[in-house]
A.B. asks: 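Sending over a structure as structure tokens; questions will come in a sec.
Basis for what follows: all heavy atoms, side chains included, without hydrogens, waters or symmetry-related copies.
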Amino acid sequence: MKTTLPVIVAFLSGLIMVVGFFLNPEKSFLGNVEEEVLRWGTIVGGFTLLLGVVSLVRVNSRTVSQKKQGWIFNLITLISVFAMAIPSMIPLSSKSAIGSVLYSIIPASWGGLFGTGPDSIYDWMFNYLESPMMATMFAMLAFYIASAAYRAFRARNTEATLLLLTAVLVMLWRIPMGEAFLRLFGDNVPQYINSFVMNGVNMAVQRGIIIGAALGAASMSLRIMLGIERTYMGKG
Amino acid sequence: MTFFAQFQIWLGAFLVLALFSFLYKDNPFYKLAEHVYAGLSAGYYVGLVWQSVIIQQLVDPMFDDGQWWLIFPGLLGTLMFARFFAKWSWVSRISLAFVMGNTAGVFLISQLHGLILPQTMSTMLSLNPKNGFAATLLALVTVVGVISTLIYFYFSKEHIGVLGGTARVGIWFIMISFGAHFGYTVMARISLLIGQVQFLLFDWGGSIKQIF
Amino acid sequence: MFDKKFGKRYFDDVEINLKGIIQITTLTILFLALIAISASAQSGESSIFRAERTSVLIFAVIFSIVILVYTRMAKQGKKLFVRKIAGLDAVEEAVGRATEMGKPVLFIPGISEIDEIETIAGISILGRVAKITAQYETPLIVPVRYPMVLAAGQEVVEQAYTEAGKRDTYNKDMVRYVAGEQFAYTATVNGMMMRDRPAANIYMGAFFAESLLLAETGNAAGSIQIAGTARPEQLPFFIAACDYTLMGEELYAASSYLSHEPLLLGGLKGQDFIKIILVALMIVGIVLSTVGHGEAFKALFKSV
Amino acid sequence: MSFWEKVSNIDRRWIYFLVAVSVVFPMLVVIKFPIGITPEAKQLYDAVEALPDSSIVFLTFDYYPSTLAETEPISIAALNQMFRKNMKIITMTTVPLGGPSIAERVTRKLANKYNKVYGIDFVNLGYKANYVAVLKGMGSSIESIYPADNAGTPLKDLPLMSKVRNYNDVKFIFVVADNGIVDYWISIVNAQYGTPVGAGVTAVMAPKMYSFVEAKQLTGLLGGMKGAAEYERLVNHEGTATRGMDAQSMVHLLIIFFVIVGNIGYFATRKSGRSGQV
């Protein structure tokens, strides 16, 4: 029961997708079922995102309540979670039951602050706290790339040499001065990089990798549907 | 600039600098920013799922459009939380299995239909020299690249003989492609660094000038 | 009987029968659909079957049969050859060095959800790594980004420790949930690397822009690093910053190779078989196109 | 320790420092390297330029605030070109956060510059969830997807929107994106409704887009900050991308320099036989 039922559920929800693909949606009952199941999938999938939040809150509250070393930082995490989450969940208008109670206490003009709209607290925190940090993490990569290039891009063998030569060539090609430099070797050199390196070799390799990865993903999907692969089920 | 606009800039600048400080050394400011970030991102998911999934896709259609049957995905979603109760955690497998099966079904077909077949087809290029030298050369590069890459990822035989030779060409092609990717990514990351530095120099710097 | 300790790998008889039934049902449905389509295609009217998708159906059927046949062969204990993957020994070496130094091993099973094939491959390699750390009694840290991965990871590690007879040294916090957002996760793991200074960092799974952030920090912390991912856009960074890198499908191959799990092995062999078919088809198509008769052949691969 | 060994084992913080210097320096001391134009950028510019004046065009803001440095300059340059040609612009986004407010901020600023009126010369539709449904739905009727604009004004009260029913009334779609949404603009909108699509994307995405340009599914392509700078030069408006290109060039050259020095060090120390393994 504990494993059989999930296997059957996985099989059926997958099968509907597969069979639905081959049927005409206007002509068959299954076409509509497919659409509905997909919708269910997005809804149930949304809940899995919330699981992470629950785990995070649990882990951090434990540290805080036991006053483990550095618990103050975990408290900050908890405060940040709620500061962002709570305003986003408050209803925007007085239409619903909770909303009508809420807006009898606070002015209705505050409504815009809640939810996830353009003027909300949530949107503000995203734009002015979270995104600068996200952009900074990306920006830090520039430093790391430089140091990785220095330490690791060594012409140790043919493969490494090809990698670093192409990288240098593309970096040159993408900046004004480099492009001018490349033209010294012939007016069409930048165009050749475009067509042979980017559209030629690069595209071919991407295609080979795409095909291989797709085969892997398809065979895994097949095994999940058939209940052969169950790593995802975790502990019973 | 209003006080609030100044405040926004200073807050942003503090967080940016706190994260950048990790480049020198791990320190309490980085640790602070790291923990704020972890919390905010979790809160972000709550808002996203609450508004765009629970309200827009579940509650509104159920109450406004009378789509009562959405109670089932709602229940399945709620069952996910059974995971936190040891005795009932197996129940959450049903919801998970639903999502996994659903994804697997979509994937099985989309990978075969959307990727493998069309990509295989577009590799069937004409190598006829009458298409012109450049076009033929490009076609040849593509064909050799795709096939040798596939051969490199063939595991059922040792890579010796013809197979080994082809695989070797494959790895060369692969390295060239990775180099190109590296070059492009370098460009993207530097641009974002430039963006952050522009923020610090001009926005925050401007604010500092105005204050002092 | 179903042995809870040894988990999912050992099925009881009822389940094996069930699987057989499911497999047979699927194939029957696919075949019936095939026949129905060919029948409806002849009648010419628009039917409930999409005749234009016949080629996809045929390919799907062939694909499924090949994978299932190889899986069955692997399960029956047929010897299936998989070439040795360079760099795999490095995993054991790295754990050995961590033991000598008395420092932990950090393992990251990628940053994707459990429904990603790379994550599953990563988790299965984790099982193997955990077995080695259990034998050497080396501390193991596994930060994860999703609760589902947490559950699967904990189970695999616990099982490895039990199998190695070191159940008493297993600790639930070895696999821990860190943060949900990509860079929040990265920021936290980077902090861990600088504070705990693991001797070896092993990255196996799906990685995105954080690949280099992790690998460079690990390098700065002086750890041996081994990476494996199927994402082509991240591979250059792992290649640049790690000591060994498994590229693309090597990750999947490694997980089958290490685990000697018949199910994984069978899948891998099946994919290899299909790959050869595809290459053959490509060559036929190229030859036909070159002599100017390719369009009809290519049309077989087209569908809406 | 020999000189080259010392150089090879330099503290990485020196490298970080040099990167920081080569980003900051060109911003304070402007050098202005001339910017070359790629055929893909020219193609995009020409396509927009060739449209009749007052054509109705789409401009999307499909990006998050974290990639503003690469994407925002493209939007600004495109708006300059479009407003100058007196085009009627409809903006929208498939990105929930940041997208709607960026669109609002950027368009209003440019509209003030060119004295354009909201509702007549431009409209901001804002964000709606489930992008596949949005892109497909607008093919039959924009109003069915967006009953009201970003501010909540019903579309029928906006003079511009009374002239637009679906993609058939739109002459060009200029997508600015930092995520996979471009694929759907191509595979759904361009493929099924035939409206030409041009794109400005982040540099990470650009390599993949080449195959779409080649297959003529995409009319022109701008890749990353370089692409943005090219477009700024084409529309003759110097913005943050052009100013950033100096810094971009400096860091590229610095990294190339690192690769060269690293390799010299590698071969020098390898010859002396003391370190061969890295």
Side-chain angles (χ1 to χ4, degrees), chain A residues 2 6 9-10 13-14 17-18 21 40-41 43-47 49-50 53 56 73 76-77 80-81 84-85 88-89 116 122 128 130 132-133 136 138-139 141-143 145 159 162-163 166-167 170-171 174 197 200-202 204-205 207-208 211-212 214 217-218 221-222 224-225 232-233 236, chain B residues 8 12 15-16 19 35-40 42-43 45-47 49-51 53 57-58 73 76-77 80 90 93-94 97-102 104-109 111 115-116 119 138 141-142 145-146 149-150 153 173-180 182-183 186-187 189-190 192-193 196:
Chain A
K2 289 184 184 177
V9 170
S13 75
M17 292 295 119
V18 174
F21 174 82
W40 288 27
I43 296 174
V44 183
F47 280 85
L49 281 176
L50 293 183
V53 182
L56 185 83
F73 288 105
I76 289 169
T77 303
S80 313
V81 177
M84 189 113 175
S88 77
M89 296 168 75
T116 54
Y122 180 78
Y128 293 97
E130 196 177 342
M133 286 201 271
T136 309
F138 271 119
L141 279 166
F143 294 99
I145 280 176
E159 286 89 30
L162 283 172
L163 176 76
T166 322
V170 169
M171 276 189 269
R174 293 306 288 173
V197 179
V201 178
N202 170 58
V205 170
R207 184 172 290 169
I211 293 176
S221 302
L222 181 71
I224 287 174
M225 268 180 66
Y232 69 90
M233 281 194 198
Chain B
Q8 274 177 353
L15 292 171
V16 171
L19 287 178
H35 282 83
V36 171
Y37 194 0
L40 289 181
Y45 280 132
V46 176
V49 173
W50 182 262
Q51 294 294 346
V53 177
Q57 294 194 46
L58 193 62
L76 271 177
M80 284 277 186
W90 70 272
R93 283 178 176 181
I94 300 171
F98 177 76
V99 178
M100 294 292 289
N102 194 238
V106 174
F107 255 50
L108 179 59
I109 291 302
Q111 304 284 318
L115 294 175
I116 297 176
Q119 295 281 346
L138 190 62
V141 167
T142 308
V146 175
T149 305
L150 280 172
F153 292 116
F173 269 73
I174 291 170
M175 286 298 162
I176 293 176
S177 165
F178 286 176
F182 187 93
V186 167
M187 188 177 155
R189 303 308 179 226
I190 294 169
L192 296 179
L193 173 62
Q196 293 308 90

A.B. asks: Let's test your reading of the structure: which of B:V99, B:I176, B:L192 forms the most heavy-atom pairs below 4.5 Å with chain A?
C.D. replies: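 Counting heavy-atom pairs under 4.5 Å, the top option is B:I176.
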A.B. asks: In Å and rounded to the nearest 0.5 Å, what is the CG to CE distance from A:L163 to B:M175?
C.D. replies: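 Between atom CG of A:L163 and atom CE of B:M175 there are 6.0 Å.
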A.B. asks: What are the two closest non-hydrogen atoms of B:V36 and A:I76, and how far apart are they?
C.D. replies: CG2-CG2, 3.5 Å
A.B. asks: Report the option among A:M17, A:M89, A:R174 that has the most heavy-atom pairs separated by less than 4.5 Å from atoms of chain B.
C.D. replies: A:M89
A.B. asks: Less than 4.5 Å to any heavy atom of chain A: does that hold for the side chain of B:T149, its backbone, both, or neither?
C.D. replies: side chain
A.B. asks: Under 4.5 Å from any heavy atom of chain A, what part of B:M80 do you find: side chain, backbone, both or neither?
C.D. replies: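 It is both, since atoms from each part get that close.
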A.B. asks: Look at A:V170, A:V44, A:V9 and state which one has the largest set of heavy-atom pairs under 4.5 Å with chain B.
C.D. replies: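 Max contact count across the listed options: A:V44.
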A.B. asks: Which heavy atom of B:R189 sits nearest to which heavy atom of A:L141, and what is that distance?
C.D. replies: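 Minimum heavy-atom contact is NE-CD1, 3.2 Å.
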A.B. asks: Please answer whether the main-chain N or O of B:A180 pairs with a side-chain N or O of A:T166 as donor and acceptor at a distance below 3.5 Å.
C.D. replies: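 Not confirmed, A:T166 side chain does not pair with B:A180 backbone.
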A.B. asks: In terms of heavy-atom proximity below 4.5 Å to chain A, should B:V186 be classed as side chain, backbone, both, or neither?
C.D. replies: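 Contact with chain A involves both backbone and side-chain atoms of B:V186.
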A.B. asks: Write down the atom of A:V81, the atom of B:A42, and the distance for their closest heavy-atom approach.
C.D. replies: CG2-CB, 4.1 Å
A.B. asks: CG/A:N202 to OG1/B:T142 distance, rounded to the nearest 0.5 angstrom?
C.D. replies: 10.5 Å
A.B. asks: Below 4.5 Å from any heavy atom of chain A, which atoms of B:Y37 appear? Answer side chain, backbone, both or neither.
C.D. replies: both
A.B. asks: Can you say whether A:I43 sits under 4.5 Å from chain B via the side chain, the backbone, both, or neither, judging by heavy atoms?
C.D. replies: both
A.B. asks: For A:P6 and B:A97, work out which heavy atoms get closest and say how close.
C.D. replies: O-CB, 3.2 Å
A.B. asks: How long is the span from the CG atom in B:L15 to the CD atom in A:E130, to the nearest 0.5 Å?
C.D. replies: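 It comes to 11.0 Å.
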A.B. asks: What residue in B:P73, B:G12, B:G105, B:G77 has the most heavy-atom pairs under 4.5 Å with chain A?
C.D. replies: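 Between B:P73, B:G12, B:G105, B:G77, the count favours B:P73.
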A.B. asks: B:Q196 versus chain A, heavy atoms under 4.5 Å apart: side chain, backbone, both or neither?
C.D. replies: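 Side chain only.
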A.B. asks: Do B:F182 and A:I145 pass the side-chain contact (heavy atoms from CB on, under 4.5 Å) test, and can you show the C-alpha distance, the side-chain angles, and the key distance before you say yes or no?
C.D. replies: CA-CA 9 Å; B:F182 187 93; A:I145 280 176; 3.9 Å; yes
A.B. asks: Side chain, backbone, both or neither: which part of B:V46 has an atom under 4.5 Å from a heavy atom of chain A?
C.D. replies: both
A.B. asks: Locate the shortest heavy-atom distance separating B:L138 from A:G200; write the atom from each residue and the value.
C.D. replies: CD1-CA, 3.7 Å
A.B. asks: Measure the spacing between OG of A:S80 and CG of B:L40 and express it to the nearest 0.5 Å.
C.D. replies: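 Spacing of OG (A:S80) from CG (B:L40) equals 5.0 Å.
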A.B. asks: Among A:S88, A:A214, A:A142, which has the most heavy-atom pairs under 4.5 Å with chain B?
C.D. replies: A:A214
A.B. asks: Below 4.5 Å from any heavy atom of chain A, which atoms of B:I109 appear? Answer side chain, backbone, both or neither.
C.D. replies: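 The answer is the side chain of B:I109.
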A.B. asks: Quick check on A:F143 against chain B: is it the side chain, the backbone, both or neither that has a heavy atom closer than 4.5 Å?
C.D. replies: side chain
A.B. asks: May I ask you to name which of B:G47, B:G145, B:G183 has the most heavy-atom pairs under 4.5 Å with chain A?
C.D. replies: B:G47
A.B. asks: What residue, out of B:I190, B:V53, B:V49, has the most heavy-atom pairs lying under 4.5 Å from chain A?
C.D. replies: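 Between B:I190, B:V53, B:V49, the count favours B:V49.
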A.B. asks: What is the minimum heavy-atom distance between A:M225 and B:L108, and which atoms define it?
C.D. replies: SD-CD2, 4.2 Å
A.B. asks: When rounded to the nearest 0.5 angstrom, what is the spacing between CG in A:L162 and CZ in B:F178?
C.D. replies: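 That separation rounds to 12.5 Å.
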A.B. asks: Which answer fits B:L115, side chain, backbone, both or neither, if we ask what part of it has an atom under 4.5 Å from a heavy atom of chain A?
C.D. replies: side chain
A.B. asks: Non-hydrogen atoms of chain B under 4.5 Å away: do they reach the side chain of A:F138, the backbone, both or neither?
C.D. replies: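 Contact with chain B is through both the backbone and side chain of A:F138.
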